[in-house]
Number of protein chains: 2
Amino acid sequence: MEKTLEKNQFLFSYFEGFSNLSSQSRTALNNICSSVKIPKNKDLQAIGHTCRTIYFVKNGLCRVYYFKDGVDITESFAFENTLIARVESLFTGKPSKKGIQTLEDSEFIGIASQALFELYDDFPEVERLFRKIFELAYVDTVNRIESIQFHSAEERYKGLLENSPSILQRVPLKHIASYLGITQVSLSRIRAKI
Amino acid sequence: MEKTLEKNQFLFSYFEGFSNLSSQSRTALNNICSSVKIPKNKDLQAIGHTCRTIYFVKNGLCRVYYFKDGVDITESFAFENTLIARVESLFTGKPSKKGIQTLEDSEFIGIASQALFELYDDFPEVERLFRKIFELAYVDTVNRIESIQFHSAEERYKGLLENSPSILQRVPLKHIASYLGITQVSLSRIRAKI
DNA sequence: TCTATTATTTAACATTTGTAAAAGGAATCC
DNA sequence: GGATTCCTTTTACAAATGTTAAATAATAGA
């Protein structure tokens, strides 16, 4: 048991940034976690499936993506030490038209969402933890709207580099371009100008 | 008491769309609600203040707005029978650079946020209710990013008219334009073309 | 290593959107 | 009712971004 908790220690350190958990809650949470290793450029979650697992990125890197008129669009990136889920499916129970794909060999901790929601009944502090986690994720999303709508592509590119300095070394520019909402040609022009 | 609950009946009908509440929870919630009437074009919440109240729009209409480089930008609208709050302030405790302004004579039910968060300790079902409310609001926000980033201004305008057919009669076009992320001139061109 | 594939940049042109200024309409206030 | 203010459209031109295609550069596989 001690050993198992150790395996998920990074996840529980992440949780501690939000609130402290009783050992009962930690054990219960630990029991619904599983480890997943995925090589580079493979799907962690396929397009069309309903989101039934929340992932914590232990190491590596992935992106949420989908196809718009046949074009591959990156909705978001998830680096080490963050949670990733397709919330529009997780919270509605509907199939997601988005997938999650690794951009490096990666290791994840999967949290079974149905089991998690059942834990909420017995452990209010677990419900509270995830409430807080998703509240702050919601805030990030609200702030991103502002960034998309009222900053130029050049400003957004510079902002992305500031927030994720390693991204240029780890992510193809085509994904960065679609994440920024512009074409790869347009991103090339911006990079040439800077 | 009976009478007071009746006063907030629309709010509690709204809550029932998410989950059922015990009468104790309803009473506790009712005790932290207050009515607010604001005439047209006045601030319900001023720019710079920290969000300490979540509002339910009983009747009328308002918008969340802020200034970007001196230009008035509408972030969102809230019609009757919806909740409105500046979540980036509500969930972080930081002052908001956004304000809430009425676009018609309006009536609101204010829910004191600090008191609400304290209710969470005694009434897990209240915490759960608001968790669900904000989860779905989060989903809406994720979907809006997609709409902003990957639909043309014309598509977004048409989509807005579909979702809120009354908006043209109730909201000046300049606010609709900034909500769509375009200038008023550009919106005029789109309207002329359609 | 050679080849094939993928990633990135560049160029030319089209389209969309922005900016600034002017003018017409609508609403509001005394 | 007239003046004023605000709202909306139109025009002309500038800037940003999209589209298509071609040219390099980098990477991965046989």
Side-chain angles (χ1 to χ4, degrees), chain A residues 38-43 61-63 65 67-74 77 101-105 145-161 166-194, chain B residues 39-43 60-63 65 67-74 77 101-105 145-161 166-194:
Chain A
I38 309 266
K40 182 174 176 174
N41 290 333
K42 297 293 177 202
D43 269 8
L61 168 62
C62 62
R63 70 184 183 113
Y65 73 103
F67 289 93
K68 151 94 179 167
D69 302 332
V71 179
D72 178 323
I73 303 284
T74 294
F77 299 105
Q101 185 192 53
T102 54
L103 294 170
E104 299 174 349
D105 294 348
I145 285 187
E146 203 181 307
S147 144
I148 294 172
Q149 204 154 17
F150 304 113
H151 291 87
S152 67
E154 184 176 329
E155 288 172 310
R156 276 177 277 143
Y157 176 65
K158 288 177 177 168
L160 180 64
L161 295 194
S166 71
I167 201 169
L168 283 185
Q169 284 74 53
R170 303 175 68 184
V171 179
L173 287 172
K174 61 176 179 178
H175 296 326
I176 294 177
S178 75
Y179 172 77
L180 292 173
I182 57 179
T183 60
Q184 195 175 350
V185 175
S186 196
L187 178 56
S188 258
R189 271 191 291 243
I190 288 169
R191 283 162 54 81
K193 202 174 65 179
I194 289 178
Chain B
K40 181 175 177 173
N41 289 334
K42 297 292 178 202
D43 268 8
L61 169 60
C62 62
R63 69 183 184 114
Y65 73 104
F67 290 93
K68 150 96 181 165
D69 303 332
V71 180
D72 179 322
I73 304 284
T74 294
F77 299 105
Q101 184 191 54
T102 55
L103 294 170
E104 298 175 350
D105 295 347
I145 285 187
E146 201 181 307
S147 143
I148 294 173
Q149 205 154 18
F150 305 112
H151 291 86
S152 68
E154 184 176 328
E155 286 172 313
R156 277 178 276 144
Y157 176 66
K158 287 177 178 168
L160 179 65
L161 294 194
S166 71
I167 200 169
L168 283 183
Q169 285 75 53
R170 302 175 70 184
V171 178
L173 287 172
K174 59 176 179 177
H175 295 327
I176 294 177
S178 73
Y179 172 77
L180 293 173
I182 57 179
T183 60
Q184 194 174 352
V185 175
S186 196
L187 178 57
S188 257
R189 272 191 290 243
I190 288 168
R191 285 162 52 81
K193 202 174 65 178
I194 291 176

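Computed over heavy atoms, backbone and side chain alike; hydrogens, waters and symmetry mates excluded. Lettering follows sequence order; numbering is per chain, from 1. Note that the structure is a prediction, hence the values are computed from the model and not measured.
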Provide the start and end nucleotides, 5' to 3', of the part of DNA chain C that has atoms under 4.0 Å from heavy atoms of chain A. dA7(C) to dA12(C)
Between the side chain of Glu155(B) and the main-chain N/O of Ser152(B), is any donor-acceptor distance below 3.5 Å? yes
I need the His175(B) NE2 to Leu180(B) CG distance, nearest 0.5 Å. 13.0 Å
If you assign each of Arg189(A) and Lys193(B) to its closest nucleotide in DNA chain C, which residue comes earlier from the 5' end? Arg189(A)
Checking Thr74(A) side chain against Tyr65(A) main chain: does a donor-acceptor pair fall under 3.5 Å? no
Contact class for Arg191(A) vs. all strands (heavy atom < 4.0 Å): base, sugar-phosphate, or nothing? sugar-phosphate
Answer whether the closest heavy-atom distance between the side chains of Lys68(B) and His151(A) falls below 4.5 Å. yes
If you take any heavy atom closer than 4.0 Å to DNA chain C, which residues from residues 176-187 of chain B end up in contact? Gly181(B), Ile182(B), Thr183(B), Val185(B), Ser186(B)
If the condition is ring pair (Phe, Tyr, Trp, His ring centres under 6.0 Å), which residues does Tyr157(A) pass it with, not counting sequence neighbours? none
For Cys62(B), is there any backbone N or O sitting under 3.5 Å from a side-chain donor or acceptor partner on Thr102(B)? no
Considering only NZ, NE, NH1 and NH2 on the basic side and carboxylate oxygens on the acidic side, decide whether Arg63(B) and Asp72(B) come within less than 4.0 Å. yes
Can we say Lys193(B) and Glu154(B) salt-bridge, meaning some charged N sits less than 4.0 Å from an Asp/Glu carboxylate O? yes
Closest approach of Leu168(A) and Leu161(A), non-hydrogen atoms and distance? CG-CD2, 3.7 Å
Is the backbone of Gln149(A) close enough, under 3.5 Å, to the side chain of Gln149(B) for a donor and an acceptor to pair up by distance? no
Test your reading of the model: is there a side-chain donor-acceptor pair from Lys174(A) to the backbone of Gln184(A), 3.5 Å cut-off? no
What are the bounds, 5' to 3', of the part of DNA chain D that sits under 4.0 Å from heavy atoms of chain B? dC7(D) to dA12(D)
Roughly how bent is the helix from dT1(C)-dA30(D) to dC30(C)-dG1(D) end to end, in steps of 10 degrees, with each end axis from five pairs? 50°
Does atom NZ of Lys42(B) have more than 12 heavy-atom neighbours from other groups under 6.0 Å away? no
Using modelled atom types and a 3.5 Å cut-off, is there a donor and acceptor pairing between side-chain atoms of Asp105(A) and backbone atoms of Lys40(A)? yes
Gln169(B) CD to Ser166(B) OG distance, which is reported to the nearest 0.5 Å: 7.0 Å
Looking at DNA chain D, which of residues 148-156 of chain B put a heavy atom within less than 4.0 Å of it? none
